[in-house]
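Notes follow once the structure below has been shown.
The figures that follow rest on heavy atoms only: side chains count, while hydrogens, waters and symmetry mates do not. Throughout, a chain's letter reflects where its sequence line sits, starting with A, and its residues are numbered from 1. All of these numbers come straight from a predicted model, not from anything done at the bench.
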Amino acid sequence: MGDDRRSFSYYKAIPVIEKLPFKIESGDQVKNLPAIGKSLRDHINEIVTTGKLSKLEHFENDEKVRAVSLFGEVWGVGPATALKLYDKGHRTLDDLQKDDSLTYAQRTGLKFFDDIRQRIPRHEVSEMEKLLQEVGKDILPGVTIVCGGSYRRGKSSCGDMDIVITHDDGKRYTSKHVKPGFLPKFVQRLKDINFLREDLIFSINSIEGTDSGVDTYFGLCTYPGRELRHRIDLKVYPRNRYASGLLAWTGNDVLNRRLRILAESKGYVLDDTGLYLATQSSGGKRAGRSEAIVNCHEEKDVFDTLGFPYLEPHERNL
DNA sequence: CGGCGGTACTG
DNA sequence: CAGTACC
DNA sequence: GCCG
């Protein structure tokens, strides 16, 4: 449990199996496929011959696994906290509510546990994106507000909304935060109209007149006229960091990892704040980042610099 | 066998 | 600092 | 867990 690496291996194998054009009748048919090694092949063999996986039955009936997985689905509760809560004797979400060790964000995640799990139909995300754009341009004309994440990748429903924001000040290619006060104002206005309802994380890092710092807001919002809470993230990037920000927040996570590994192999460091030339770390194991951002005005510039074929957003569901 | 993304929040 | 989050 |  809590074995991140291993579960990610299972996770990567899922789409590989799903994309097979035939029904698996033997483990041999799964030989030489990417992301599937001996262990997974053995599991597949067991399933096709016996119709079940003995290892899994054990887990399904295990009270501890059940409770810890459930707790881990609460926003802000990860494997370590979930286990601690179980060890304290908690078994249900009602038990958690009585625990006063929960942080504010975890309490909020718990309170709206059922709401947050509901997926949002694509057309509603589209309407809310439009709403955000209108409120935004009212505060700051020329602001760019885009919904990234699974929405931008074309999914028909979304688990949450990932909003990426930037602003061009007209002095093309400047890298400054033109209006560092944008996010607080934006958030306030969105609360005034009852769109944003609860905060989870709210941090302002942008420094006026510089290109450093990204402003972030994580919270809960509601579709106009409704009470059902949805997760929403707002991220404000200075224009010269927007491409990497949009790329990262469009994902998916597999693509992000792949691009970052590729970047490292080519002497770069890639994250949501930019593409950097790696610096020689004297003795250190990990390469540092140079100050200068490799000039990427559009997402395609990042792909091009890394020598990775450009993918349209809808092609990024790896 | 060692590596597996990179960053930034909370408490 | 560990833990958690985001894609 | 898988991969180089």
Side-chain angles (χ1 to χ4, degrees), chain A residues 1-14 16-17 30-44 55 71-85 100-109 116 146-153 155 158-164 199-206 212-219 231-235 237 241 244-265 268-276 278 285-289 299 306 313 316-318:
Chain A
M1 286 180 52
D3 197 335
D4 221 19
R5 306 283 173 204
R6 200 172 333 181
S7 53
F8 193 60
S9 292
Y10 282 93
Y11 176 70
K12 279 186 292 192
I14 293 169
V16 174
I17 295 170
V30 121
K31 239 172 183 170
N32 302 323
L33 281 179
I36 298 177
K38 178 171 188 321
S39 179
L40 278 174
R41 195 169 68 236
D42 287 348
H43 288 171
I44 288 169
K55 204 174 155 188
F71 296 167
E73 288 178 48
V74 176
W75 200 92
V77 176
T81 309
L83 198 55
K84 275 182 204 158
L85 292 168
D100 55 9
S101 73
L102 296 199
T103 66
Y104 171 73
Q106 289 166 339
R107 204 163 288 290
T108 307
I116 295 173
V146 167
C147 187
S150 55
Y151 173 77
R152 187 155 179 263
R153 297 199 309 273
K155 295 293 188 181
C158 307
D160 64 2
M161 294 180 58
D162 306 292
I163 307 298
V164 186
D199 303 336
L200 292 172
I201 288 177
F202 194 4
S203 79
I204 300 300
N205 289 305
S206 63
S212 59
V214 175
D215 290 342
T216 306
Y217 176 90
F218 289 177
R231 278 276 299 104
I232 185 166
D233 303 337
L234 310 176
K235 282 255 175 186
Y237 291 89
R241 298 174 184 273
S244 54
L246 183 60
L247 178 61
W249 287 83
T250 297
N252 63 6
D253 59 340
V254 175
L255 175 63
N256 285 348
R257 290 162 131 106
R258 202 180 284 179
L259 289 177
R260 287 165 194 204
I261 290 170
L262 180 62
E264 197 210 354
S265 75
Y268 297 100
V269 178
L270 175 65
D271 62 41
D272 70 315
T273 70
L275 180 60
Y276 308 82
K285 0 251 153 231
R286 192 146 230 99
R289 316 183 312 186
E299 284 178 314
L306 295 177
R316 301 181 198 169
N317 294 300
L318 304 182

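- Looking at residues two or more places apart in sequence or on another chain, you find no side chain to side chain donor-acceptor pair (under 3.5 Å) involving A:Tyr268.
- Counting non-hydrogen atoms under 4.0 angstrom, A:Leu40 reaches the backbone sugars and phosphates but no base.
- If you check every strand for non-hydrogen atoms under 4.0 Å, A:Arg231 touches sugar and phosphate atoms only.
- B:dG5 and D:dC3 are spaced 14 Å apart, taking the P atom of each and rounding to whole Å.
- Contacts of A:Asp233 classified as salt bridge (charged side-chain N to carboxylate O under 4.0 Å, His left out), with partners at least two apart in sequence or in another chain: A:Arg231.
- In this structure, the nucleotide among C:dC7, B:dG6, D:dG1 sitting nearest to the side chain of A:Asp271 is B:dG6.
- Rounded to whole angstrom, the span from the OH atom of A:Tyr237 across to the P atom of C:dC7 amounts to 12 Å.
- Looking at the side chain of A:Thr81, the nearest of the listed nucleotides C:dT4, C:dC7, B:dC4 is C:dT4.
- Contact annotation for A:Lys55: backbone-only contact, meaning every heavy-atom pair under 4.0 Å involves sugar-phosphate atoms and none involves a base.
- Here B:dC9 is the nucleotide among B:dA8, C:dG3, B:dC9 with the atom lying nearest to any side-chain atom of A:Ile201.
- The CD1-P distance, from A:Ile36 to D:dG1, rounds to 14 Å in whole Å.
- For CZ of A:Arg41, the number of neighbouring non-hydrogen atoms (other residues, nucleotides, ligands) closer than 6.0 Å is greater than 12.
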Apply side-chain hydrogen bond (donor to acceptor under 3.5 Å, both in side chains) to residues A:Asp199 and A:Tyr104 and explain how you reach the verdict. CA-CA 9 Å; A:Asp199 303 336; A:Tyr104 171 73; over 6 Å; no
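- The backbone N or O of A:Gly274 lies less than 3.5 Å from a partner atom in the side chain of A:Asp271, making a donor-acceptor pair.
- Within the 4.0 angstrom heavy-atom criterion, only backbone atoms of the sugar-phosphate kind lie near A:Val74; the bases stay farther away.
- Nucleic acid contact class of A:Arg316 (heavy atoms, under 4.0 Å, all strands): none.
- Closest approach to the A:Asp233 side chain among B:dG11, B:dA8, C:dC6 is made by C:dC6 (side chain taken as heavy atoms from C-beta onward).
- Contact annotation for A:Ser150: no contact, since no heavy-atom pair falls under 4.0 Å across all strands.
- For A:Arg6, the salt bridge (charged side-chain N to carboxylate O under 4.0 Å, His left out) criterion is met by A:Asp3, not counting sequence neighbours.
- Taking A:Arg153 as the reference, nothing meets the salt bridge (charged side-chain N to carboxylate O under 4.0 Å, His left out) condition, with sequence neighbours excluded.
- A donor-acceptor pair under 3.5 Å links the side-chain atoms of A:Ser7 to the main chain of A:Asp4, judged by distance alone.
- Checked against C:dC7, B:dG11, D:dG1, the side chain of A:Thr103 finds its nearest nucleotide in B:dG11.
- The side chain of A:Ser39 approaches D:dG1 more closely than any other nucleotide in the set C:dC7, D:dG1, B:dA8.
- Closest to the A:Arg289 side chain, of the nucleotides C:dC6, B:dG5, B:dT7, is B:dT7.
- Here A:Tyr104 lies in heavy-atom contact (under 4.0 Å) with sugar-phosphate atoms only.
- Of the candidates D:dG1, B:dA8, C:dC6, C:dC6 carries the atom nearest the A:Trp75 side chain, counting heavy atoms from C-beta on.
- Mapping A:Thr273 and A:Phe8 onto DNA chain B via the closest heavy atom, the residue that lands nearer the 5' end is A:Phe8.
- Within 4.0 Å of A:Leu234, counting heavy atoms only, lies no atom of the nucleic acid at all.
- Neither OP1 nor OP2 of C:dA5 sits under 4.0 Å from any side-chain N or O of A:Lys235.
- Of the candidates B:dT7, C:dC7, D:dG1, the closest approach to any side-chain atom of A:Asp160 belongs to C:dC7.
- The side chain of A:Val269 sits closest to B:dG6 out of B:dG6, D:dG1, C:dC7.
- Taken residue by residue, residues 252-261 of chain A places heavy atoms nearer than 4.0 Å to DNA chain B at A:Asn256, A:Arg257, A:Arg260, A:Ile261.
- Rounding to whole angstrom units, OH of residue A:Tyr217 and P of B:dT10 are separated by 13 Å.
- For A:Arg5, a side-chain nitrogen or oxygen approaches OP1 or OP2 of B:dG5 to under 4.0 Å.
- As a whole-Å value, the separation of A:Asp215 CG from B:dA8 P is 12 Å.
- Remark: A:Lys38 pairs with A:Asp42 by the salt bridge (charged side-chain N to carboxylate O under 4.0 Å, His left out) rule, at least two apart or across chains.
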